[in-house]
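Before any comments, here is the structure.
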2 protein chains.
Amino acid sequence: MPDRIRPTLEAVAARAGVSRATASRVVNGGAGVRERLVERVRLAVDELGYVPNHAARTLVTRRNGAVAVIIAEPEIRIFSDPFFSLQLRGISRELTANDSQLVLLMVEGSGDYDRIARYLAGGHVDGALAFSLHTQDQLPAVTHKVGIPTVFGGRPVRTGAGAELAVPYVDCDNRGGARDAVRHLAGLGRQRIAHIAGPQDQTSGIDRLDGYRDVLADGDPTLIAQGAFTADSGARAMAELLDRHPDLDAVFAGNDLMAKGALRVLQERGRRIPEDVAVVGFDDMASVVETTTPLLTTVRQDIEEMGRLMVRLLISGLDRGEGPTPDSVIMETELVRRASA
Amino acid sequence: MPDRIRPTLEAVAARAGVSRATASRVVNGGAGVRERLVERVRLAVDELGYVPNHAARTLVTRRNGAVAVIIAEPEIRIFSDPFFSLQLRGISRELTANDSQLVLLMVEGSGDYDRIARYLAGGHVDGALAFSLHTQDQLPAVTHKVGIPTVFGGRPVRTGAGAELAVPYVDCDNRGGARDAVRHLAGLGRQRIAHIAGPQDQTSGIDRLDGYRDVLADGDPTLIAQGAFTADSGARAMAELLDRHPDLDAVFAGNDLMAKGALRVLQERGRRIPEDVAVVGFDDMASVVETTTPLLTTVRQDIEEMGRLMVRLLISGLDRGEGPTPDSVIMETELVRRASA
DNA sequence: TTGAAAGCGCTAACAA
DNA sequence: TTGTTAGCGCTTTCAA
């Protein structure tokens with residue numbers, strides 16, 4: 001690779017026989033330039049293999065064409081969560097569609113918040129997308145203080161510093177979806193419906209439990225067991241529930257992974273699904289749902305679309321000038337009936 | 001947020017009563033500037049909350065302070081692999097230590113290679129880190145063609161386009177590690193040692209199988225079953241092996257996740273571990289190894305360190321000028337004895 | 001050791 | 001519709 005010097009706009013203009021300004025106009029869409037010249041410039045661009053210099057452009061436009069995705073310490077494991085991969089894919093696709101780059105910021109310790117804040121304050125990115133899953137997280141407070149437009153994935157827990165902040169977020173209707181799931185089970189005539197709850201320091205875990213309680217207002221609290229959104233934790237919770245209530249006839253798990261773990265334990269203990277025990281999950285994650293026997297009935301949320309929405313929300317806010325976008329988006333869920341309930 | 005205008009170097013210089021050039025020198029380390037002035041400039045920087053404008057700096061230095069991490073389509077699921085999270089963490093930490101940003105590029109379809117190539121050619125990043133796990137992948141060819149310094153994670157499979165390329169990569173000694181595992185099992189006196197192999201279109205899967213064969217040169221090929229690096233696939237493979245060889249007394253699984261699945265099936269079928277069947281995994285992934293009963297004996301590789309090494313390799317190549325860095329790094333592995341073998 | 005000045009490549013008034 | 005020109009904020013010769 002001889003590593004030729006990269007051609008500048010100047011070179012393109014010269015070759016096309018126009019001024020730098022005209023060449024610039026063409027490169028940026030070509031509005032208000034005579035068709036003939038547009039063609040000549042386009043040709044020159046192709047021949048020279050011209051690629052605009054991003055730094056130069058940013059310097060004058062004050063637009064970076066880049067968005068930060070911030071992942072905070074306790075959540076780094078969410079990389080292992082297929083949920084997150086899907087959302088990230090949605091984000092990536094939508095960003096690409098908007099000619100923006102994805103800058104990944106991983107926050108490790110609490111000291112890192114300073115570094116992140118400096119980076120965000122440094123104007124390297126036009127906005128940020130963040131995942132603030134846990135109660136203790138300072139991220140909403142940090143991004144607000146720095147004053148960079150930010151959209152959160154999942155409703156942030158409103159406690160601690162910045163609890164009063166109205167941060168824009170994208171989430172699905174966790175509570176409503178949970179209600180649908182439990183109502184479906186009840187509609188099947190099930191009498192003892194248990195719940196394997198997700199972590200209670202995340203809104204998704206909290207809201208789904210709330211939805212369960214909405215329907216089973218005066219249910220037996222011992223029909224609720226605590227899980228951690230993993231298959232193993234679902235299995236453990238199921239075993240617990242079975243010990244306490246050998247006669248339970250339905251389970252609503254806080255997510256598909258826990259449902260999968262529950263299914264395994266139920267079958268090990270000789271329960272037929274759905275005859276003896278009906279099971280409903282949450283998420284409709286293909287990689288999980290397609291590998292259970294029987295196929296899992298679950299509450300569907302469009303995770304990838306939620307990722308895309310985060311980007312759209314951010315960019316629409318960016319476009320209409322400063323200031324955060326206080327509107328959030330709550331997406332509908334849908335009960336998908338399969339074989340397990 | 002009043003969104004004050006960001007102070008420029010000019011402002012810092014004025015406040016410190018020096019020239020812009022001197023202010024610049026201080027901001028960039030302060031070599032060759034009298035101590036008194038250094039102090040004054042530093043003070044001004046603090047008071048004004050000055051943060052250098054990255055675009056302006058890049059424009060003149062031709063250094064981006066950013067590295068792309070490229071993840072190709074078939075591998076997007078590797079987000080679900082704790083292996084990848086760990087490596088990414090190592091990458092992120094080392095990049096941070098080098099004041100560089102991580103730009104995430106996700107390649108979706110084959111059409112995307114064009115977009116990626118354009119981006120890389122556009123000089124937005126100083127170099128790239130890529131994961132080329134599968135045989136068909138064009139990534140090594142693409143990055144080479146574009147001429148951007150690139151380091152791969154895991155030895156790329158050398159077939160198809162660009163098979164002849166000497167691409168620098170960081171990997172562990174998969175083959176040697178596998179040999180250690182199998183020798184350990186043999187040393188325990190095991191006679192019928194099975195192997196659950198990883199995908200044979202990835203070098204890690206291939207090399208570990210080769211290592212197994214190195215030790216068991218004339219072993220029974222039906223003692224080998226095919227897995228896909230997931231727990232479920234490990235369980236399936238184990239069931240297969242048990243059907244074929246009810247008398248097997250040891251299993252070397254291609255990774256910890258498959259070992260975990262195998263463990264479950266072995267126990268369901270009444271085998272005691274390690275008395276009846278000894279099991280060894282590969283990776284020493286904390287999240288897996290700590291959750292098996294009994295605790296898993298496995299081959300350890302320092303995944304996070306491999307991530308860091310990828311960055312160091314890239315940056316050292318960058319520093320000593322153009323041209324790719326043809327040296328690769330193969331890290332040692334270590335057998336970690338626990339309860340399962 | 002310090003400062004003056006010349007750009008880096010691009011966009012956006014403003015003029016023509 | 002097109003071109004001229006003035007910067008964007010920074011680094012880096014080159015002189016002093």
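None of the values given here were measured: they were computed from a predicted structure. We use all heavy atoms of the structure for the numbers below, so side chains are in, but hydrogens, waters and symmetry mates are not.
Under 4.0 angstrom from either OP1 or OP2 of D:dT11 there lies at least one side-chain N or O belonging to B:Asn28. Note on B:Arg62: a side-chain N or O is less than 4.0 Å away from OP1 or OP2 of C:dG9. For the pair A:Arg57 and D:dC8, the criterion of a side-chain N or O lying under 4.0 Å from OP1 or OP2 is not met. Phosphate contact (OP1/OP2 of D:dT4, side-chain N/O of A:Ser19, threshold under 4.0 Å): absent.
Under a 3.5 Å cut-off, the side chain of A:His54 and the backbone N or O of B:Ala55 do not form any donor-acceptor pair. When atom types are taken as modelled, the side chain of B:Asp171 and the backbone of B:Ile330 share no donor-acceptor pair closer than 3.5 angstrom.
Looking only at side-chain heavy atoms (C-beta outward), B:Val33 and B:Val18 stay at 4.5 Å or farther from each other. Two residues are said to be in side-chain contact when any heavy atoms from C-beta on lie closer than 4.5 Å; A:Leu129 and A:Ile91 meet this criterion. Contact annotation: the side chain of A:Leu120 approaches that of A:Ile70 to within less than 4.5 Å [non-hydrogen atoms, C-beta and beyond].
Checked options A:Arg89, A:Arg93, A:Arg312; the residue passing with A:Glu305 is A:Arg312 (criterion: salt bridge (charged side-chain N to carboxylate O under 4.0 Å, His left out)). Shown are A:Phe152, A:Phe84, A:Tyr169, A:Phe83; of these, the ring-ring contact (aromatic ring centres under 6.0 Å, His included) with A:Phe131 is made only by A:Phe84.
The two atoms that bring A:Leu314 and A:Pro149 nearest to each other are CD1-O, 3.5 Å, heavy atoms only. Residue B:Ala44 comes nearest to B:Arg15 through the heavy atom pair CB-CG, 3.9 Å, listed as atom of the first residue, atom of the second, then distance.
As a whole-Å value, the separation of A:Leu59 CG from C:dG9 P is 12 Å. Atoms CD (A:Glu10) and P (D:dG3) sit 12 Å apart, rounded to a whole Å. Going from atom CG of A:Leu9 over to atom P of C:dG9 covers 11 Å, rounded to whole Å. Rounding to whole angstrom units, CG of residue B:Asn53 and C1' of D:dG7 are separated by 14 Å. The CZ atom of A:Arg63 sits 17 Å away from the C1' atom of C:dC10 (whole-angstrom rounding). The NE2 atom of B:His54 sits 12 Å away from the P atom of D:dC10 (whole-angstrom rounding).
At the heavy-atom level, B:Val18 lies under 4.0 Å from the strands shown only through sugar-phosphate atoms.
Listed by residue number, B:Leu37 are the residues of residues 36-44 of chain B with a heavy-atom contact under 4.0 Å to DNA chain C.
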What pairs of nitrogen or oxygen atoms, one from the protein and one from nucleotides 12-16 of chain C, lie under 3.5 Å apart?
none

